[in-house]
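This report concerns only the one structure given below.
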Amino acid sequence: MIPATFDYQAPTTVEEALHLLESSEDAKVLAGGQSLLPVLRMRLAAPDLLVDLGGIDELRGVRDAGDAIVIGSMTPHQIVLTDPLVAEHAALLTKATARVADPQVRRRGTFGGSLAHADPASDLPACALALDAEFEIAGGEGRRTVAVGDFFEDIFTTAIGDDEILTEVRIPKHTGWGAHYEKFVRIAQQWSIVAAAATVRVIGGSIAEARVALTNMGSTPVRSQAVEQALIGIAPVDEAVREAVAGIAEGTHPPTDINGDDAYRRHLAPVLARRAVLAAAG
Amino acid sequence: MTAVEDRPSTEVGRARYRKEDDRLITGRTRWTDNLTLPGTLHLAMVRSPIAHARITSVDADDARQASGVIAVLTGADLAEEQGELPNAWMLTPEQKAPAHPSVAVDRVAFAGEIVAVVVARSAAEARDAVELVDVEYDELPVALDLKAAAADETLAHPDLGTNISAVRTFDSAEENTGGDVDEAIAKAREGGIVIEREYRQQRLIPAFMEPRSIVVDPTGEQLTVWSATQVPHFVKIFISLVLGVPEHKVRVIAPDVGGGFGGKLQFTPEEVLTVIAARRTGRPCKYTESRSESMMAAHHGRDQWQTLTLAADRDGTVTGLKVELLADMGAYLGLVTSAIPFLGALMFNGIYKFPAYRWTCTNVFTNKTWTDAYRGAGRPEATFAIERLMDELAAELDMDPLEVREKNWIKHEDFPFTTVSGLHYDSGNYEAATAKAKELFGYDELRREQVERRDRGATVQLGLGISTYTEMCGLAPSRWLGSNGYVGGGWEHGSVRILPTGKVEVVAGTSPHGQGHETAWSQIVADRLGVPFEDVEVLHGDTQIAARGLDTYGSRSLAVGAMAVLAAADKVIEKARPIAAHLLEASPDDLEFSEGQFQVKGTDTTKALGDVAFAVFQGHDLPDDVDRSLDADATFDPDTFSFPHGTHLCAVEVDTETGGTTIRKYVCVDDVGAVVNPLIVEGQVHGGVVQGVAQALFEEAVHDDAGTLVSGTLVDYLVPSAADVPSFDTDRTETPSSTNPLGVKGVGEAGTIASTPAVVNAIVDALRPMGVNDVPMPCSPHRVWQAIQSASTGGAA
């Protein structure tokens, strides 16, 4: 289908992009377009201006920042997937990115675009939550940093304001942590029905630290510190982990749709969490 | 002895790459949407978002004023001109159907129905103007649930007075093809066994790759119509009948067409409206649907409730089957909507020879997109039912499901065989196909593994599913069609022309849309005429070139269409014979034709067919009474259907914690008669199996309570890709058909018909010890998990 008419601008600096956003009543940021373009083509949205961030070099790439790695918001998934810094210090992102859509989408779609879109069924928000990511957001007033706990506000809603841009994401290093993203889908090219993101540090045969978060168990990603606490000190074996993650769906509000109802998702969550933790520890 | 063995067979049977693949795979070809004629106008449709409503007003004033808009046509504008869309099959003489307009006039009956047409200078302007058309609706109650609709709880068409379109029945006792099924069931209730089940065939969306597209050029002497259709000859005659354009003033071209699966076996509202727009504006007009429109408004498939009663002796011998079908027509009858469940009803007996059969088929209207042919068209539904029942019978009797089948199937020495529903099966060897499949599969070993997993209570259980199917191909003997309510015939037409340089043009009345006819027909004709494969060109799909034909559907093209081509080739040889004799100064009776040469018997004097063609072209030295051409036409009308068959075996791993299923191994041994091109057969089986697996596991058209299609995009309607299926182990047996000189049967639908019950049987087999005996399709993880939950709480389905 053909989208409604819109203007298109491709600035080369963040400042220019911010000016463009402020200049328009109803502008949208184009950050790869893998979610936005279908929405436009189906005429579910009709912005008057698209501001394409693809020409801003500053927003692209992965760098070492001491105790963290920093991923530019316009870094394509494929770069994240193959980046050695990410693999070494944030293996969970490598594992999860491998399950994002398909190779074509991964070459067009971007890390920051996916996080800013905040689809509850998309794979990266839960990983960002598990890894304690921080988000740098640029606006007219300058740049500010938002912790992941404050970033995802609701379905398709984040702390990024109308005239703001997500510039980069800071991921504290989880060097030496095992990781696994257990994504449950019916066909390969599908959004998660439910998924569990786990990254753990195993010392001397028992779990020393653990981070576990869930995809599509509510309007925003869910992380259970109670489960993470329960995992500490146990051996990464089936029975013990099963017990530790048993309550992970408590307090969640998963959706009901044609792939399953809320009760089924509550059932899946601990199963997938257990498998994710065991695989991460293995 | 078959004709195949009668002559040198260098091309037929050879696994050739398809000559059409380069252009089809790269897309660098003439798809309809690629055609842009000078001055083309573009159409966009205003469609109802509501499933059932009176249209109280259509305000198109703003749209008419919009940039680039030439016209906006509403139902009121077109009420007279648009005529009525045809249904071509009277399932019963009393069949009821609502009037079927291309654009709704005062009422819409499904979500997606067209309520106005915008014609504009560009596709974008047309689409923009659609947003400006203001339609007011007065909503009416919706008939959505098939069972409730069958009880006339809410009427899909209030003026019709009922939702029942037709009820057709068959009883083997009344038709003298077998015994009384009630007696068989009564007897089985005493000392035998009765299996009663109810199965749902969910609604599917054909989801062909190329959306439907139409270009109409009204500027020539003939109205020229390009359409992404399976049936250009149907489109031509219906444009004439529905719109009053004299038939000789219409030319229809189906250029390369990107898939159909029955979904393009239709005469569509969009075709009618594009013709009308071109006629009214006097300019070329184009309409190409979006994927969303295709999902919503192109006809759907399947959608049945099946109530089944199977009677058997305690030794597993089936004694009778009763089938009660409720079939969802959707809101209207398309071309052959009413016949789809009927074509299946003839086949619920499958490969088995039990003595008593009764079916009742009730066709029901609802406020959903209308249904019609979709790959297999009734036969997948029938095969699913009987193959599920055979597994259920085996389980109830604690027998091996293969053993139960073997006890009941028609033995190879019984062919030709007239079934309890009165069909004449040409040939088959179920024993051979099954033995081969069993060995390839490692059946016994997998059974042992299944027991081992059950014994240790493994989380991931293993199930083995069987499907021993047959299907009815080669649609269709014209007499049979006539006596069963269809308005058209089932013959096919072909022409062969030898050009002056010896090259060959073949004109086929069938109209491929991905099947590889150009390659297969070239192989057949190359063999018959003794010319190189590369010297044969196959033309089709343009009514100006292929003037006669009945197009491609129902696995008919090879078994019917290629036979007409073959007969035309034979005629060409016989036309050339007296000329060759003249040139060789011999008697025609003394000539033998072999490998492209006429040879005087007992000598080494020869004349090539190409040389004869050149002599004909010159006309300098010919006998007086011969035609000045080596062209010939022929038709073929089959005496009966052909019945390919096969045995498909599927091993599925079921994760009992999540309900997730994974196909671990899939073996199919198909018997499609003689094979022209093994590579094409292989491709048809692969694609077909995936499409059947899709029904078992993934695909379902879901509507909400208001009748809106929820699974309206490919995000929600799950079409599997190569990543979702295993590699298939395919093999064949070859039992030639006795219905045609090549011994071929047809392979277009085999995989789809066979695979659905193989997969579901495997899932149920994995879970049976837990008390599960059914999982509704598609067997999503959620549904598998629910089946396990409900069985473990004592509420087995």
Side-chain angles (χ1 to χ4, degrees), chain A residues 1-6 34-35 37-46 98-99 101-105 119 121-122 182-196 238 242 245 254-276 278, chain B residues 42 44-45 67 120 122-128 130-131 211 288-294 459 655-662 690 693-694 697-704 709-725 778-786 788-789:
Chain A
M1 207 191 282
I2 302 164
T5 304
F6 55 82
Q34 299 308 291
S35 296
L37 286 188
V39 165
L40 298 186
R41 290 170 73 89
M42 294 172 79
R43 297 201 176 214
L44 300 173
R99 300 299 311 274
D102 56 52
Q104 283 172 300
V105 170
D119 187 324
S122 71
E182 183 76 12
K183 178 171 178 172
F184 193 73
V185 286
R186 293 172 60 194
I187 62 171
Q189 292 185 50
Q190 197 185 4
W191 300 95
S192 289
I193 296 171
V194 176
D238 189 280
R242 183 186 297 264
V245 303
T256 290
D257 59 29
I258 56 180
N259 292 306
D261 62 13
D262 54 347
Y264 177 58
R265 285 189 162 87
R266 277 197 202 91
H267 163 78
L268 281 179
V271 174
L272 302 178
R274 183 184 85 241
R275 293 179 182 184
L278 289 171
Chain B
H42 298 263
M45 305 299 172
S67 162
S122 71
E125 287 167 315
R127 190 66 194 74
D128 285 343
V130 164
E131 309 279 314
T288 299
E289 69 185 354
S290 68
R291 176 66 62 191
S292 301
E293 287 179 293
S294 192
T459 301
D655 182 334
T656 57
E657 271 190 314
T658 63
T661 56
T662 309
V690 176
V693 168
L697 297 179
F698 305 121
E699 295 184 13
E700 181 174 28
V702 181
H703 294 78
D704 66 15
L709 182 64
V710 176
S711 55
T713 74
L714 294 175
V715 171
D716 295 308
Y717 189 82
L718 303 183
V719 178
S721 70
D724 303 301
V725 288
C779 302
S780 65
H782 184 210
R783 285 185 176 153
V784 170
W785 178 74
Q786 282 178 321
I788 295 169
Q789 296 304 302

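Throughout, a chain's letter reflects where its sequence line sits, starting with A, and its residues are numbered from 1. Atom set for the values below is all heavy atoms of this structure, side chains included, hydrogens, waters and symmetry mates excluded.
To the nearest 0.5 Å, atoms CZ (A/R186) and CG (B/L697) are separated by 8.5 Å. If you take OH on A/Y264 and CZ on B/R783, they are separated by 12.0 Å, rounding to the nearest 0.5 Å. Summarising the geometry, atom OG belonging to B/S721 is positioned 5.0 Å from atom CD belonging to A/Q189; distances are rounded to the nearest 0.5 Å. Atom-to-atom distance recorded for B/T459:OG1 and A/D238:CG is 7.5 Å, nearest 0.5 angstrom. To the nearest 0.5 angstrom, A/D261 atom CG is 6.0 Å from B/Q786 atom CD. Expressed to the nearest 0.5 Å, how far CD of B/E657 lies from NE2 of A/H267 amounts to 6.5 Å.
Residues B/H782 and A/G260 share a closest heavy-atom pair of ND1-CA, 3.3 Å. Between A/I2 and B/R127, the shortest heavy-atom distance links the atoms O-CG, 3.9 Å. Heavy atoms only, all atoms of each residue included: B/W785 and A/A263 are closest at CH2-O, 4.3 Å.
The number of heavy atoms from other shown groups lying within 6.0 Å of CZ (A/R266) is above 12.
Contact of B/L714 with chain A is not made at all, since no heavy-atom distance falls under 4.5 Å. In this structure, chain A has a heavy atom under 4.5 Å from the side chain of B/D655, while its backbone stays farther away. Residue contact with chain B, scored on non-hydrogen atoms closer than 4.5 Å, involves the side chain of A/R43 exclusively. For A/N259, the parts sitting under 4.5 Å from any heavy atom of chain B are the backbone and the side chain alike. Heavy atoms closer than 4.5 Å to chain A are found nowhere in B/T662, neither backbone nor side chain. Neither the backbone nor the side chain of B/E700 comes within less than 4.5 Å of any heavy atom of chain A. Only the side chain of B/S292 comes within contact range of chain A, with heavy atoms under 4.5 Å apart.
A donor-acceptor pair under 3.5 Å links the side-chain atoms of B/D724 to the main chain of A/A188, judged by distance alone.
Screening residues 709-720 of chain B for side chain to side chain donor-acceptor pair (under 3.5 Å) gives B/E699-B/Y717 as the qualifying pairs, with residues at least two apart or on separate chains.
Applying the side-chain hydrogen bond (donor to acceptor under 3.5 Å, both in side chains) test to A/T256 and every residue at least two apart in sequence or in another chain returns nothing.
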